[in-house]
There are 2 protein chains.
Amino acid sequence: MEEMQALTALSAISEQTRLRMLRFLVARGPDGASAGEIGQAVGSSSSRSSFHLSALTRAGLLSSEKQSRQVIYRADLQAVGALLNYLVEDCCGGHPRIVECCQPKNCC
Amino acid sequence: MEEMQALTALSAISEQTRLRMLRFLVARGPDGASAGEIGQAVGSSSSRSSFHLSALTRAGLLSSEKQSRQVIYRADLQAVGALLNYLVEDCCGGHPRIVECCQPKNCC
DNA sequence: TCAACACCTCAAGAGATATTGAAATATGGA
DNA sequence: TCCATATTTCAATATCTCTTGAGGTGTTGA
């Protein structure tokens with residue numbers, strides 16, 4: 001992953017509404033959710049949701065698919081993983097103390 | 001880690017100069033580096049460096065210590081690790097595909 | 001065809017953040 | 001004491017970013 005790409009993804013998730021959207025969609029799994037449902041889940045208006053969802057999509061963290069009236073968004077786990085990998089490897093040089101923190105149920 | 005704290009840390013590193021400063025300081029290890037040296041390493045003026053270093057410090061990602069004329073900054077690995085842990089655990093629910101990406105030399 | 005629905009786009013305004021250069025503080029050495 | 005060094009602070013400006021509300025597109029079903 002390129003630095004520029006990582007910066008775009010980081011700014012995308014450094015906003016409350018968007019971080020919550022991402023969390024919601026990761027929890028949702030492969031089914032994803034419609035724009036309306038996501039907006040409702042995180043408590044944001046339709047135009048605001050659209051704005052934030054497209055920011056996340058532009059950052060590559062979500063994929064979207066039109067299904068008749070609705071637009072279904074899904075978290076792109078590959079992209080989220082690549083961002084974390086960038087932080088761990090490129091930014092932190094794979095430092096053991098950092099890697100350790102990414103293990104489930106044992107950290108910090 | 002609280003959501004608010006994570007958001008602060010994420011915005012802190014979602015800026016090129018600051019991401020580079022963090023990377024430089026993680027690489028530097030426990031010795032840290034002076035404000036001037038960091039600024040030189042990432043190519044930013046003295047007032048700009050000061051501004052960004054204090055943003056990173058406020059976000060809890062760096063610690064600083066005055067040594068006579070200089071101020072030595074160090075990366076706080078605990079804090080960086082806690083941020084990554086927050087992303088992996090709280091945001092991604094410890095999803096295996098995400099955790100896997102944080103392992104050294106095997107991913108994405 | 002029409003109304004309701006789901007979503008997106010746009011423009012305006014507010015607010016936050018970054019950059020610059022100048023000036024302030026504080027330390028160390030001649 | 002005086003000057004150079006290291007860093008921070010400040011004000012002005014520029015630049016993003018977020019929010020809101022109005023309006024647009026396309027789809028579904030009566």
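Below, chains carry the letters A, B, ... as their sequence lines are ordered, and counting in each starts from 1.
- Between B:S34 and the phosphate of D:dT7, there is a side-chain N or O to OP1/OP2 separation shorter than 4.0 Å.
- Which of C:dC8, D:dT8, D:dT19 sits closest to the side chain of A:E15 comes down to D:dT19.
- Following rounding to the nearest Å, B:I38 (CD1) and D:dT7 (P) show an atom-to-atom distance of 8 Å.
- Considering only heavy atoms from C-beta on, B:E37 comes within 4.5 Å of B:R28 through its side chain.
- The base of C:dG28 lies outside donor-acceptor range of the side chain of B:S68, with no N or O pair under 3.5 Å.
- Put simply, CG on A:L7 is 14 Å from C1' on C:dA18, counting in whole angstrom units.
- Note: CZ (B:R58) to P (D:dT8) measures 12 Å, nearest angstrom.
- Under 4.0 angstrom from either OP1 or OP2 of C:dA6 there lies no side-chain N or O belonging to A:Y73.
- Nearest-nucleotide mapping onto DNA chain D: of A:K66 and B:F51, the residue sitting toward the 5' end is B:F51.
- Considering only side-chain N and O atoms, A:R69 lies nowhere under 4.0 angstrom from the phosphate OP1 or OP2 of C:dC5.
- When the C1' atom of C:dT25 is taken as reference, atom CD of B:Q70 falls 16 Å away, rounded to whole Å.
- Nearest nucleotide to the A:S50 side chain, out of D:dT9, C:dC7, C:dT9: C:dT9.
- Under 3.5 Å, the side chains of B:T57 and B:S64 contain no donor-acceptor pair of N or O atoms.
- A donor-acceptor pair shorter than 3.5 Å cannot be found between the side chains of A:S44 and A:T17.
- To the nearest angstrom, P of D:dT8 lies 12 Å from CG of B:L56.
- What separates CG of B:L19 from P of C:dA18 is a distance of 13 Å, to the nearest Å.
- Between D:dT17 and A:H52, no contact under 4.0 Å exists linking OP1 or OP2 to a side-chain N or O.
- Between B:L87 and the choices A:L22, A:I13, A:V80, the side-chain contact (heavy atoms from CB on, under 4.5 Å) rule is met once, by A:I13.
- Heavy-atom neighbours of B:E3 CD from other residues, nucleotides or ligands within 6.0 Å: above the threshold of 12.
- Atom C1' of nucleotide D:dT7 and atom CE of B:M21 are separated by 12 Å, given to the nearest angstrom.
- Atom CZ in B:R48 sits about 15 Å away from atom P in D:dT15, given to the nearest Å.
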